[in-house]
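Report on one structure; see the data block that follows.
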Amino acid sequence: MNTSITTASQLIKLVDSHLKTAKRQRKIPLLAVIGPTASGKTAFGIALASHFNGEIVSSDSRQIYRGMMIGTAQPTAKEKAQARHYLVDFLEPDQPFNLAEYQRLATAKLQDIEKRGKLPLLVGGTGLYISSITENYLLPDSQPDQELRLKMNKLAEEQGKEAVHLLLEKLDPEAAKRIHHNNLRYVIRALEIACRKKKFSAVSTAGQSPDKSPEQSPFYPLFLEVRWPREILYQRIEKRIDQQMEQGLLKEVKNLLTKYDENLPSISSLGYRELGLYLQDKITLADALELFKKNTRNFAKRQLTWFRKFPQVYSIPGEALSEVINDLLTVRPAGTGKTARPKEK
RNA sequence: GCCGGGGUAGCUCAGUGGUAGAGCGAAGGACUGAAAAUCCUUGCGUCGCCAGUCCGAUUCUGGCCCUCGGCA
């Protein structure tokens with residue numbers, strides 16, 4: 001289901017009623033601002049936070065890294081002054097990070113915000129991270145195993161990806177059926193889980209598909225999606241990349257590459273990878289920018305695919321966004337906290 | 001104006017007397033510990049226009065239009 005919201009008053013009404021329902025259900029209300037890259041989530045999130053007395057937890061897998069402010073479009077200092085942000089700009093680019101850790105950190109932060117009487121917001125475009133919170137993923141008890149990953153990657157190189165998939169077929173036929181043999185990354189992860197289950201077979205539920213339990217989630221999310229016509233979105237992506245270049249993205253990338261390995265997940269983010277190719281003289285700057293833009297468009301498309309599966313989403317047409325933001329920021333007289341959520345108990 | 005190359009999918013091009021394909025792009029999809037990652041699926045388009053030959057032409061012939069290169 002999908003409903004369109006075009007004015008601030010509609011939005012305020014919607015949020016107020018959502019807060020009431022959450023209270024009735026004894027859950028923590030959560031505003032989840034979603035949308036593809038360059039759709040305007042950051043500004044929208046800040047306006048919501050400011051209007052509803054909220055604080056923002058990022059659900060962006062790349063804004064977590066330090067020293068990557070331009071390329072990942074982290075909130076600026078000015079924006080951070082308008083609303084508190086968490087899980088942004090806090091991790092060195094060579095530090096490992098993963099879904100489980102995100103889920104743990106984000107959950108704790110969101111709960112903490114609520115305890116302090118503020119409204120928690122989740123703002124960002126990483127579908128997997130969002131879902132892990134809003135759908136309450138129950139992650140399998142299986143740590144990443146770097147040694148196994150290396151071994152399996154080597155096996156794939158020597159004997160082909162099918163060889164690795166064949167291994168999975170023996171250990172977990174169900175998972176093997178679900179995962180395409182070319183998707184080496186997924187196959188290896190499934191092997192990690194399968195090996196773990198084998199060791200602790202007493203408690204395993206073999207071959208079960210991944211689990212979630214939204215009913216038992218502590219949160220009651222309201223999805224707000226910023227939506228643009230496809231062509232306009234692509235124009236915005238192009239424009240933003242040009243702006244990032246003007247802000248000195250090339251210098252930022254250069255700086256990171258002198259310190260870090262180009263194969264790190266952080267450094268292989270959009271823009272960093274393409275500009276890295278240019279800095280290594282492998283392609284021209286014009287080609288790098290074109291590739292950067294194309295890859296970003298493709299990424300936006302994947303994000304949209306992910307968001308389509310959320311059951312109930314309220315969409316704000318991009319054309320109406322700036323007025324909504326403006327109204328959110330002006331409706332509430334500054335400092336009175338008049339429309340702030342009343343604290344229960 | 002003359003000589004030559006070419007006009008086929010959004011782009012670059014391959015190809016055949018029985019109405020066509022590859023790469024790129026694009027679109028759609030999957031996704032539970034690397035996720036801005038990783039992976040899967042999808043190609044009827046007046047084969048430049050008009051006429052002729054032929055059972056049949058995108059493929060051959062003629063004319064026209066357009067385009068690129070060379071010479072003027």
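So that the names make sense, note that chain A is the first sequence line, chain B the second, and so on, each numbered from 1.
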(message) Roughly how many Å apart are B:U53 and B:G10, using the P atom of each and rounding to a whole number?
(response) 33 Å
(request) For A:Gly271, answer base if it contacts any base atom (sugar-phosphate contacts may also be present), sugar-phosphate if it contacts only those atoms, and nothing otherwise; contact means non-hydrogen atoms under 4.0 Å. (result) nothing
(message) With a cut-off of less than 4.0 Å, is there a side-chain N or O of A:Thr305 near OP1 or OP2 of B:G29?
(response) yes
(request) Taking only Lys NZ, Arg NE, NH1 and NH2, and the carboxylate oxygens of Asp or Glu, determine whether A:Lys293 and A:Glu274 approach each other closer than 4.0 Å. (result) no
(request) Determine whether A:Val123 and A:Leu48 make a side-chain contact, defined as any pair of heavy atoms from C-beta on separated by less than 4.5 Å. (result) no
(request) Compare side-chain N and O positions of A:Arg302 against OP1 and OP2 of B:C31 and report whether any pair is under 4.0 Å apart. (result) no
(message) Could you tell me if A:Thr296 and A:Arg240 have a donor-acceptor pair between their side chains, going purely by distance under 3.5 Å?
(response) no
(request) Have a look at A:Ser132 and say if it touches a base, only the backbone sugar-phosphate, or nothing, with a 4.0 Å heavy-atom cut-off. (result) nothing
(request) Look at all strands and tell whether A:Ser142 reaches a base, only sugar-phosphate, or nothing, counting heavy atoms closer than 4.0 Å. (result) base
(message) For B:A26, give the paired nucleotide (Watson-Crick: N1-N3 plus N6-O4 or O6-N4; G-U: N1-O2 and O6-N3; both under 3.5 Å), or none.
(response) B:U42
(message) With a 4.0 Å limit, can you tell me whether A:Arg178 has a side-chain N or O closer than that to the phosphate oxygens OP1/OP2 of B:A30?
(response) no
(message) Check whether A:Gln103 reaches the backbone of A:Tyr137 with its side chain - one donor and one acceptor, N or O, closer than 3.5 Å.
(response) yes
(message) Measure CG/A:Leu304 against P/B:C31 and give the value in whole Å, please.
(response) 16 Å
(message) Please classify the nucleic acid contact of A:Phe97 as base, sugar-phosphate, or nothing, using heavy-atom distances under 4.0 Å.
(response) sugar-phosphate
(message) What's A:Lys301 touching, base or sugar-phosphate or nothing? Going by heavy atoms closer than 4.0 Å.
(response) base
(message) So, OP1 or OP2 of B:A34: does either fall under 4.0 Å of a side-chain N or O from A:Arg149?
(response) yes
(message) Check this for me: does the side-chain of A:Gln143 come within 3.5 Å of the base of B:G33 through a donor and an acceptor?
(response) yes
(request) Indicate, with a heavy-atom threshold strictly under 4.0 Å, whether A:Arg273 touches base, sugar-phosphate, or nothing. (result) sugar-phosphate
(request) Compare side-chain N and O positions of A:Arg230 against OP1 and OP2 of B:A27 and report whether any pair is under 4.0 Å apart. (result) yes
(request) Could you tell me whether the side chain of A:Gln111 reaches within less than 4.5 Å of the side chain of A:Phe219, counting heavy atoms only? (result) yes
(request) Verify the distance criterion only: is there a donor paired with an acceptor across the side chains of A:Thr6 and A:Gln10 at less than 3.5 Å? (result) yes
(message) I need the OH-P distance between A:Tyr234 and B:G10, as an integer number of Å.
(response) 18 Å
(request) Tell me the partner of B:G1, counting only Watson-Crick (N1-N3 plus N6-O4 or O6-N4) or G-U wobble (N1-O2 and O6-N3) with both under 3.5 Å; none if nothing fits. (result) B:C71
(message) Please classify the nucleic acid contact of A:Thr72 as base, sugar-phosphate, or nothing, using heavy-atom distances under 4.0 Å.
(response) base
(message) Counting the atoms with a prime plus P, OP1 and OP2 as sugar-phosphate, which does A:Leu270 contact under 4.0 Å by heavy atoms, base, sugar-phosphate, or nothing?
(response) base
(message) At 4.0 Å (heavy atoms only), tell me whether A:Arg297 reaches a base, stays on the sugar-phosphate, or touches nothing.
(response) sugar-phosphate
(message) So, under a plain 3.5 Å distance rule, would you say the side chain of A:Tyr186 forms a donor-acceptor pair with the base of B:C39?
(response) no
(request) Establish, with yes or no, whether the OP1 or OP2 oxygen of B:C39 is under 4.0 angstrom from a side-chain nitrogen or oxygen of A:Asn182. (result) no
(request) Examine B:A26: is either OP1 or OP2 under 4.0 Å from a nitrogen or oxygen in the side chain of A:Asn298? Give yes or no. (result) yes
